[in-house]
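Encoded as structure tokens, here's the structure I'll be asking about.
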Amino acid sequence: MCGRISTAGISADILKAHFDIESVFPFTLSYNVVPTLQIPAIIEQNNIRKLEAFRWGLIPHWARDKNIMATAFNARAESVVHKPLFRESIKSKRCLVLATGFYEWQVSCGKKQPYYIFRADKRPLAFAGLWDVWEDDVTGEAIESCTIITTAATHQMIPIHERMPVVLERDIYDTWLDPEFNETDVLQELLIAPKQDVLEMYPVSNYVSNSRNDGEECIERL
DNA sequence: CCAGACGTTGTT
DNA sequence: GTCTGG
DNA sequence: CCAGACGTTGTT
DNA sequence: GTCTGG
């Protein structure tokens, strides 16, 4: 799993209804959302922000230069609580990264077949995410960055890929978004046991494999 | 103590 | 910032 | 993550 | 092979 996700079909009203949020930002629908584009995110309770402002890949506030952790594009649920890179964010800078679905490439016989994966109930997915703010000592430039947490694939996903993003359920949102809550053992429990049978998937064309491509064709069933 | 690392995926 | 390795 | 580029000079 | 852009 990586940053290739889709916001196809999400609207502000849908987000309000599903996430119990009072205000949302205006944003653009995208079928093939790459890490730096319009991925909505909820940061803390009742405060939803456009992830466009965020850089994909967590840059911890203590990083000497902003490129040092360019490859922290995912965090593993199994270790996120203990890793120096994530241990601060996991305590008080958790967020939800919202999408209607994501893509994963199944490799067999050396060929890659992309799949579109989404909730069977058609609701938006809420990925468990982390964020942080990094400031340049010299220029004062501030960069907000984020990442999502991955876990072992559910039995449904296994045929396609070994890992998948942590998809949180509605009853978890409040706890996950509460910056005061920092019982890391409880948080880890939430992450490592993904709910089964929540997702549905179908193969899509290779059109989506080029991240410059966007539009309905990305999620058309083959 | 100080210095240096701090990450994941996928592929080999 | 905080942990690990030496 | 995957796909695609990977370069410079001079001219508009 | 490795980096960049999306």
Side-chain angles (χ1 to χ4, degrees), chain A residues 1-8 27-39 50-93 97 99 101-117 125 127-137 142-143 145-153 157-167 182 184 188 191-192 201 203-215 217-219:
Chain A
M1 171 59 199
C2 61
R4 207 67 64 81
I5 67 182
S6 170
T7 57
F27 68 96
T28 312
L29 293 183
S30 182
Y31 289 83
N32 181 11
V33 179
V34 293
T36 52
L37 300 185
Q38 286 94 344
I39 309 162
K50 207 169 177 176
L51 189 54
E52 186 181 34
F54 286 72
R55 177 185 293 206
W56 193 270
L58 197 74
I59 307 166
H61 62 91
W62 43 260
R64 280 199 185 162
D65 92 89
K66 60 190 173 188
N67 297 315
I68 200 164
M69 277 294 120
T71 47
F73 52 84
N74 288 163
R76 291 176 65 91
E78 298 89 334
S79 58
V80 64
V81 161
H82 306 291
K83 297 281 184 182
L85 176 53
F86 303 120
R87 59 183 304 136
E88 289 187 66
S89 285
I90 191 75
K91 284 183 184 161
S92 60
K93 289 188 168 61
V97 176
F102 61 100
Y103 304 98
E104 197 54 84
W105 283 257
Q106 179 184 54
V107 180
S108 63
C109 306
K111 302 250 176 184
K112 288 179 181 174
Q113 174 61 55
Y115 279 76
Y116 178 57
I117 300 137
L125 296 154
F127 301 132
L130 302 175
W131 64 284
D132 204 351
V133 185
W134 177 88
E135 275 184 58
D136 191 316
D137 289 339
I143 298 177
S145 64
C146 69
T147 189
I148 60 171
I149 300 172
T150 64
T151 190
M157 278 292 297
I158 282 286
I160 299 174
H161 204 72
E162 292 183 342
R163 307 288 299 175
M164 60 181 276
V166 173
V167 176
N182 56 19
T184 50
Q188 178 159 30
L191 297 173
I192 59 178
M201 58 212 67
V204 293
S205 102
N206 266 311
Y207 181 76
V208 73
S209 295
N210 185 335
S211 57
R212 274 184 291 230
N213 293 337
D214 195 11
E217 190 174 343
C218 290
I219 61 166

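Here is how names work: the chains are called A, B, and so on, in the same order as the sequence lines, proteins then strands, and each is numbered from 1.
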Base paired to B/dT8 (Watson-Crick or G-U; both N/O distances under 3.5 angstrom):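 Here B/dT8 is not engaged in any pair, so there is no nucleotide opposite it.
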
Nearest of C/dC3, B/dC6, B/dT9 to any side-chain atom of A/W62?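 The nucleotide sitting nearest to the side chain is B/dC6.
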
Does A/Q113 offer a backbone N or O that forms a donor-acceptor pair with the side chain of A/E104 under 3.5 Å?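 Not confirmed, A/E104 side chain does not pair with A/Q113 backbone.
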
Give the rounded distance in Å between these two atoms: CZ of A/R87 and C1' of C/dG1.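 To the nearest whole Å, that distance equals 10 Å.
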
OP1 or OP2 of B/dT9 versus the side-chain N and O atoms of A/T150: is any pair under 4.0 Å?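 Yes, within the criterion.
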
Below 30° counts as parallel, above 60° as perpendicular, anything between as tilted: where do the rings of A/F127 and A/F102 land?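 Perpendicular: the ring planes of A/F127 and A/F102 meet at over 60°.
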
Which is true for A/T147 with a 4.0 Å heavy-atom rule: it touches a base, it touches only sugar-phosphate, or it touches nothing?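 If one applies the 4.0 Å heavy-atom cut-off, A/T147 turns out to touch nothing in the nucleic acid.
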
Specify the separation, in whole Å, of atom NZ of A/K83 and atom P of C/dT4.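 A/K83 atom NZ is separated from C/dT4 atom P by 11 Å.
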
Distances for protein N/O vs nucleotides 2-5 of chain D N/O pairs under 3.5 angstrom?
residue	atom	partner	partner atom	Å
D/dC2	O4'	A/R4	NH2	3.3
D/dG4	OP1	A/N210	ND2	3.2

Round to a whole Å and report the spacing from CG of A/N213 to C1' of E/dG5.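 So the two atoms are 13 Å apart, to the nearest Å.
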
With rounding to the closest Å, how many angstrom separate the C1' atoms on D/dT8 and E/dG1?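 Roughly 22 Å separates the two C1' atoms.
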
Grab the CD-P distance between A/Q106 and B/dT11 for me, whole Å please.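 Distance check: A/Q106 CD to B/dT11 P gives 12 Å.
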
For a side chain to side chain contact (heavy atoms under 4.5 Å, CB included) check, start with the C-alpha distance between A/T151 and A/M164, then their side-chain angles and the critical distance, and finish with the verdict. CA-CA 6 Å; A/T151 190; A/M164 60 181 276; 4.3 Å; yes

Quantified in whole Å, what is the C1' atom distance between nucleotide E/dT4 and nucleotide D/dG7?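 The same atom, C1', in both gives a distance of 15 Å.
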
Let's test this: given Watson-Crick or G-U wobble pairing with both distances under 3.5 Å, identify the partner of D/dC1.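 Checking every strand shown, D/dC1 finds its partner in E/dG6, with both distances under 3.5 Å.
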
Which whole-number value in Å describes the distance from A/E78 CD to B/dT9 P?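 The distance from CD of A/E78 to P of B/dT9 comes to 8 Å, rounded to the nearest Å.
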
Take A/I148 and A/N74, measure what side chain to side chain contact (heavy atoms under 4.5 Å, CB included) needs, and give me the verdict at the end. CA-CA 5 Å; A/I148 60 171; A/N74 288 163; 3.8 Å; yes

In whole angstrom, give me the gap between the P atoms of D/dC2 and B/dT9.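 D/dC2 and B/dT9 have their P atoms separated by 12 Å.
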
Figure out the CZ/C1' separation between A/R76 and B/dT9, and round it to whole Å.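 The distance from CZ of A/R76 to C1' of B/dT9 comes to 9 Å, rounded to the nearest Å.
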
Can you check the A/L191 CG to B/dT8 P distance for me, whole Å?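 So the two atoms are 13 Å apart, to the nearest Å.
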
Decide yes or no on salt bridge (charged side-chain N to carboxylate O under 4.0 Å, His left out) for A/R163 and A/E78, but give the supporting numbers first. CA-CA 12 Å; A/R163 307 288 299 175; A/E78 298 89 334; 2.8 Å; yes

Tell me yes or no: between the side chains of A/S145 and A/W134, is some donor less than 3.5 Å from an acceptor?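 Not at all, the side chains of A/S145 and A/W134 share no donor-acceptor pair under 3.5 Å.
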
For A/G57, does its backbone N or O pair with a side-chain atom of A/T147 as donor and acceptor, under 3.5 Å?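 No, A/T147 side chain to A/G57 backbone: no donor-acceptor pair under 3.5 Å.
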
Between atom NE2 in A/H61 and atom C1' in C/dT2, what is the gap in whole Å?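 So the two atoms are 9 Å apart, to the nearest Å.
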
